[in-house]
Amino acid sequence: MSQDIRIKKGLTIKLTGDAEKSISDAALSKIYAIKPTDLLGVTPKLAVRVGDKVKAGDVLFYSKAEESIKVLAPVSGEILNIERGAKRKILTVQISTDATIEYFDFGAKNPKDLSSDEVKAQLLAGGCWPFIQQRPYDVMANPNEAPKAIFVSAHDTAPLAGDVAFSLENQKEAFQAGITALSRLTEGKVNLAVCGKSESFLNDVKDAAILKVTGKHPAGNVGVQIHHVNPVNQGERVWTVNPQDVAVIGNLFLTGKFEPKRVVALVGSQVKSPKYFNMLQGANLEALLTENIELDNSRIINGNVLTGTQVAVDGYLDLKSTTISVIPEGNHHTMFGWMPFTGGKKFSMYRSALSFLSPNKKYTLDTNLNGEERAFVMTGEMEKVLPMDILPMHLLKAAMVGDIEKMEALGIYEVAPEDFALIDYSSSSKIEAQQIIRTALDIMVKEVG
Amino acid sequence: MGLNKIMEKYRPLFRKGGKYEKFAPAFNGIDTFLFVPNHTTKMGAHVRDAVDLKRVMIIVVLALLPAMFFGMWNIGYQHFSQLGEATPFMDMMLYGAIKFLPMLLISYGVGLGIEFAFAIYRGHDINEGYLVSGMLIPLIMPVDLPLWMLAVAVIFAVIIGKEAFGGTGMNILNPALVARAFAFFSYAPSMSGDKVWVADASTVDGISGETILGQLAAGADTSATSVMDMFMGYMPGSIGETSVLMILIGAAFLILTGIASWRIMLAGVIGAAVTGLLFNALDLNPLMSFPWWQHLLVGGFAFGIVFMATDPVTAAQTDTGKWIYGFFIGVFAILVRVFNGAYPEGVMMAILLMNVFAPYIDHYVVQANVKRRLKRLKTA
């Protein structure tokens with residue numbers, strides 16, 4: 001039983017530097033760090049102090065609002081530093097790593113034998129709850145609520161995204177166990193979106209409804225899939241989990257260990273030989289990056305080039321990130337750079353550059369804004385890249401003025417910032433659409449909840 | 001890069017705390033024209049499309065060039081051919097250039113001057129919108145319009161038509177058409193009649209400057225102008241509007257690049273054709289019996305529907321809305337032509353009217369979208 005989703009709108013940005021299909025082991029970092037700021041809406045309450053010894057799976061901090069939600073240490077070692085920012089906000093909790101990792105044992109359990117509440121308890125105790133995200137608002141799920149469905153998108157269409165099936169190749173069993181565990185959490189279905197054009201083990205996963213997705217980016221965005229299969233209405237909840245996190249959840253049930261493994265695609269034009277690396281959540285990136293990328297004038301991004309966040313060369317792998325993209329900075333002036341049809345290296349959704357003549361060519365794009373912010377002038381360009389029955393410009397305008405009723409009416413419950421990433425990209429007025437939507441969602445959480 | 005070094009020297013003077021900080025918008029306007037700035041993405045998507053507002057506007061200007069060059073030639077051609085003088089191509093171009101370029105300079109000079117002044121006054125960057133308006137305004141004027149009238153029309157259009165509403169992106173009416181409407185109602189003798197459409201028609205006997213629509217409204221016979229002449233543009237009219245061929249080249253360019261809405265253009269043609277057909281069936285006066293497809297070739301219809309109706313700021317903004325908006329421009333353009341004998345050119349009025357109704361059309365399209373969402377909630 002599978003359902004086809006064909007997306008016609010959108011834009012696939014083909015960039016140079018996609019990952020070769022080989023996985024290397026990244027050396028165990030000396031330092032791992034968890035950033036509470038990766039978890040939107042969570043105010044951390046620390047459970048450790050500098051100097052404490054922890055095992056992998058010991059609690060680092062709780063969520064102040066809901067203490068059953070715990071964030072665990074990915075490795076064993078000693079708490080090295082708790083870095084704070086303005087108003088003593090916790091930025092990172094750093095752990096210096098032991099030579100071999102010791103694990104806290106949560107006890108292996110078969111999710112099939114457990115009730116919904118027991119599965120939930122295991123996920124909360126085992127530090128896997130932060131992997132569960134909720135629509136509306138794109139924030140962490142609330143364990144006291146029940147979703148009408150759960151969605152996992154195992155088809156990533158973002159620029160330079162890794163192949164999900166390939167990165168889960170060694171985790172088939174864990175992935176299946178994770179899906180089974182998730183299926184206990186909802187009365188509805190677990191929907192697993194897979195690439196509609198290729199066959200992999202994902203097509204045969206049990207306890208889930210398979211969605212075969214084809215089309216341009218953002219076809220792989222879980223929000224687009226939800227919109228086409230089981231849209232979120234006012235007051236409803238849908239949960240989403242990233243595929244690699246499903247495997248971490250599965251491992252928790254199979255082995256009783258919290259082991260946040262990541263197969264990270266190191267990609268982009270500034271990477272010497274782009275490929276996949278076995279890593280753990282929160283790993284320090286310095287050793288990996290100095291060895292593998294062109295450091296000079298590079299922007300390093302935790303995640304893909306559309307939705308990721310910039311990270312320093314000695315930064316850490318984000319909690320949920322499975323891609324590190326490295327592209328050139330674009331801090332240069334270009335004389336008469338606005339002249340259409342000049343500069344063969346330029347890529348444009350409008351046919352204002354020659355890129356439309358060679359649709360399969362890969363481009364090396366840098367971070368130049370290619371212009372400056374201007375008033376809204378062009379219309380219809382946003383609609384081209386948002387494959388939902390939503391009027392993006394009207395929603396953005398309602399979001400800019402914080403009009404809650406209008407946002408509700410126009411579909412704010414269905415969208416996440418990532419769904420607006422291509423609008424950031426393609427806007428001729430250089431509108432920061434993701435930022436506007438995130439701010440609006442924060443208002444909605446506060447006012448409506 | 002020598003020029004960049006020079007600009008680099010002056011940039012700090014206009015930054016925050018610099019000596020000429022107040023004039024930063026003006027300096028930036030020139031700087032950003034010479035060099036796409038070195039600004040990099042600070043939030044959101046890390047890579048951005050090559051397109052920006054400047055690129056969009058330049059593409060529209062490029063699309064206008066064929067019509068502009070033809071218009072310059074046609075100024076000379078109409079003048080000399082009516083005098084019965086055989087004149088070489090280059091002389092006609094030269095004559096046209098002497099007539100047209102001052103108008104273009106006045107339009108850009110006055111318009112951009114006001115834009116710069118407002119940008120400095122408001123402390124925001126200069127939006128590139130006027131690059132197109134400044135080109136459109138002289139192209140939709142008769143060739144003998146005194147330059148001071150043109151300047152006053154530009155001032156009115158930019159200040160009342162645009163800046164009063166908040167500047168580029170906020171205006172309700174198309175600024176170029178505001179300029180034309182202002183000139184038309186203020187200086188009617190210079191904007192209409194049979195003496196303004198060919199250079200020197202009012203001073204030299206033997207030149208008649210009547211447009212086809214003017215002849216039709218007067219009940220005259222238009223068979224002297226062949227259909228081919230109408231299509232190619234060998235007839236009197238506003239400077240840029242006569243050649244359907246050149247306008248179609250511009251339209252193709254705009255549609256290919258994805259800058260202008262093909263929906264509006266197609267819907268406009270359908271609207272005008274349907275209305276024209278209806279009148280052909282009634283057949284009560286020369287304007288009604290004028291074949292519907294020839295309505296598409298004469299007057300400002302082609303120019304208006306391609307370059308002015310598609311102005312994204314003043315058009316309907318939703319895809320469905322664009323169909324409705326374009327269709328009614330077509331309908332009203334022909335309606336005004338047929339029923340308003342005093343003013344046989346209906347496109348300007350039709351577009352201005354639909355500019356006013358565009359937000360209303362969008363409102364219903366948005367409500368339909370909202371209702372679909374509510375209905376889903378009820379059936380769920």
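Since the model is a prediction, treat every value here as computed from it, not as a measurement. Every chain is numbered from 1, with letters handed out A, B, ... down the list of sequences. Atom set for the values below is all heavy atoms of this structure, side chains included, hydrogens, waters and symmetry mates excluded.
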K.L.:
Which bit of A:Ile327 is near chain B, if near means a heavy-atom gap under 4.5 Å: side chain, backbone, both or neither?
P.N.:
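A:Ile327 touches chain B through side-chain heavy atoms alone.
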
K.L.:
Using non-hydrogen atoms and a 4.5 Å limit, figure out which bit of A:Asn230 sits close to chain B: side chain, backbone, both or neither.
P.N.:
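A:Asn230 has no heavy atom closer than 4.5 Å to chain B.
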
K.L.:
Counting only non-hydrogen atoms closer than 4.5 Å, does A:Ile390 touch chain B with its backbone (N, CA, C, O), its side chain (CB onward), both, or neither?
P.N.:
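Both parts, heavy atoms under 4.5 Å.
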
K.L.:
Look at the side chain of B:Asp49 and the backbone N and O of A:Asn370, then say whether any donor-acceptor pair between them is shorter than 3.5 Å.
P.N.:
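Side chain of B:Asp49 to backbone of A:Asn370, a donor-acceptor pair under 3.5 Å: no, none is there.
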
K.L.:
So which of A:Pro159, A:Gly371, A:Ser348, A:Gly308 has the largest heavy-atom pair count under 4.5 angstrom toward chain B?
P.N.:
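Among the listed options, the one with the most contacts to chain B is A:Ser348.
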
K.L.:
A:Met378, A:Arg374, A:Arg438, A:Lys384: which one forms the most heavy-atom pairs within less than 4.5 Å of chain B?
P.N.:
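Result: the option with the highest number of such pairs is A:Arg374.
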
K.L.:
Quick check on A:Met349 against chain B: is it the side chain, the backbone, both or neither that has a heavy atom closer than 4.5 Å?
P.N.:
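Both the backbone and the side chain of A:Met349 come within 4.5 Å of chain B.
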
K.L.:
I need the minimum non-hydrogen distance between B:Arg373 and A:Asp389, along with the two atoms involved.
P.N.:
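Shortest heavy-atom separation between B:Arg373 and A:Asp389 comes out as NH2-O, 2.8 Å.
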
K.L.:
At a 4.5 Å cut-off on heavy atoms, which part of A:Tyr350 comes close to chain B: side chain, backbone, both, or neither?
P.N.:
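Both backbone and side chain.
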
K.L.:
Report yes or no: does A:His394 contribute a side-chain atom to a donor-acceptor pair with the main-chain N or O of B:Val366 at less than 3.5 Å?
P.N.:
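Looks like no, no N/O pair under 3.5 Å.
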
K.L.:
Pick whichever of B:Ile259, B:Asp319, B:Asp362, B:Val365 has the most heavy-atom pairs under 4.5 Å with chain A.
P.N.:
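Ranked by heavy-atom pairs under 4.5 Å with chain A, first place is B:Ile259.
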
K.L.:
What part of A:Ala409 is in contact with chain B, defined as an atom under 4.5 angstrom from a non-hydrogen atom: side chain, backbone, both or neither?
P.N.:
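A:Ala409 touches chain B through backbone and side-chain heavy atoms alike.
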
K.L.:
Between B:Arg376 and A:Glu414, does the salt bridge (Lys or Arg N to Asp or Glu O under 4.0 Å) criterion hold? Intermediate values first, please.
P.N.:
CA-CA 13 Å; B:Arg376 192 177 71 197; A:Glu414 298 185 52; 2.6 Å; yes

K.L.:
Mark yes or no for whether A:Arg351, through its side chain, and B:Leu254, through its backbone, hold a donor-acceptor pair below 3.5 Å.
P.N.:
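Flag not set: sc A:Arg351 to bb B:Leu254 has no pair under 3.5 Å.
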
K.L.:
Is there a side-chain contact between B:Ile58 and A:Met339 in this structure, where contact means two heavy atoms from C-beta onward sitting under 4.5 Å apart?
P.N.:
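Of all side-chain heavy-atom pairs linking A:Met339 with B:Ile58, at least one is under 4.5 Å.
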
K.L.:
What is the distance from atom NE2 of B:His46 to atom CG of A:Asp424, rounded to the nearest 0.5 Å?
P.N.:
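Here the rounded value is 10.0 Å.
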
K.L.:
Measure A:Leu410 against the heavy atoms of chain B and call it side chain, backbone, both or neither at under 4.5 Å.
P.N.:
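Interface part for A:Leu410: both.
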
K.L.:
Side chains of A:Phe336 and B:Phe33, heavy atoms from C-beta outward: is any pair under 4.5 Å?
P.N.:
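Heavy-atom side-chain distance check passes, below 4.5 Å.
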
K.L.:
Side chains of B:Val47 and A:Tyr425, heavy atoms from C-beta outward: is any pair under 4.5 Å?
P.N.:
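Yes, close enough: below the 4.5 Å cut-off.
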
K.L.:
Among A:Glu432, A:Glu381, A:Gln434, A:His332, single out the residue with the greatest number of heavy-atom pairs under 4.5 Å to chain B.
P.N.:
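Looking at each option in turn, the highest pair count goes to A:Glu432.
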
K.L.:
Could you measure the distance from the CD atom of B:Gln317 to the OG1 atom of A:Thr379? Nearest 0.5 Å is fine.
P.N.:
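Spacing of CD (B:Gln317) from OG1 (A:Thr379) equals 6.0 Å.
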
K.L.:
List the steps and the verdict of salt bridge (Lys or Arg N to Asp or Glu O under 4.0 Å) for B:Lys42 and A:Glu373.
P.N.:
CA-CA 12 Å; B:Lys42 295 281 178 281; A:Glu373 190 174 329; over 6 Å; no

K.L.:
Could you tell me which non-hydrogen atom of B:Ala45 sits nearest to which non-hydrogen atom of A:Ala421, and how far apart they are?
P.N.:
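Smallest interatomic distance, heavy atoms only, reads CB-O, 4.0 Å.
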
K.L.:
Check A:Asn368 against B:Pro37 and note the closest heavy-atom contact, atom names and distance.
P.N.:
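Reported closest heavy-atom pair: ND2-O, 3.2 Å.
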
K.L.:
Would you mind reporting whether B:Val36 and A:Trp338 have side-chain heavy atoms less than 4.5 Å apart?
P.N.:
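With C-beta onward as the side chain, the pair touches.
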
K.L.:
Which pair of non-hydrogen atoms, one from B:Leu62 and one from A:Pro340, has the smallest distance, and what is that distance?
P.N.:
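Heavy atoms only, the tightest pair is CD1-CG, 4.1 Å.
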
K.L.:
If you look at every heavy atom in A:Ala375 and B:Gly169, which pair is closest and at what distance?
P.N.:
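The answer is CB-CA, 4.4 Å.
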
K.L.:
Where does A:Ser427 contact chain B at under 4.5 Å (heavy atoms): side chain, backbone, both or neither?
P.N.:
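For A:Ser427, backbone heavy atoms alone lie under 4.5 Å from chain B.
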
K.L.:
Decide yes or no for A:Val377 and B:Val56: does some side-chain heavy atom of the first lie under 4.5 Å from some side-chain heavy atom of the second?
P.N.:
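No, their side chains stay 4.5 Å or more apart.
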
K.L.:
Can B:Asp52 and A:Lys430 be counted as an ion pair, charged N to O under 4.0 angstrom?
P.N.:
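No, this pair does not count.
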
K.L.:
Are any side-chain N or O atoms of B:Arg55 and backbone N or O atoms of A:Ser352, one a donor and one an acceptor, separated by less than 3.5 Å?
P.N.:
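Yes.
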
K.L.:
Do B:Asn38 side-chain atoms and A:His333 backbone N/O form a donor-acceptor pair below 3.5 Å?
P.N.:
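Checking the backbone N and O of A:His333 against the side chain of B:Asn38, no donor-acceptor pair under 3.5 Å is found.
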
K.L.:
Shortest non-hydrogen contact from B:Arg48 to A:Ile431?
P.N.:
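That closest heavy-atom pairing would be NH1-O, 4.4 Å.
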
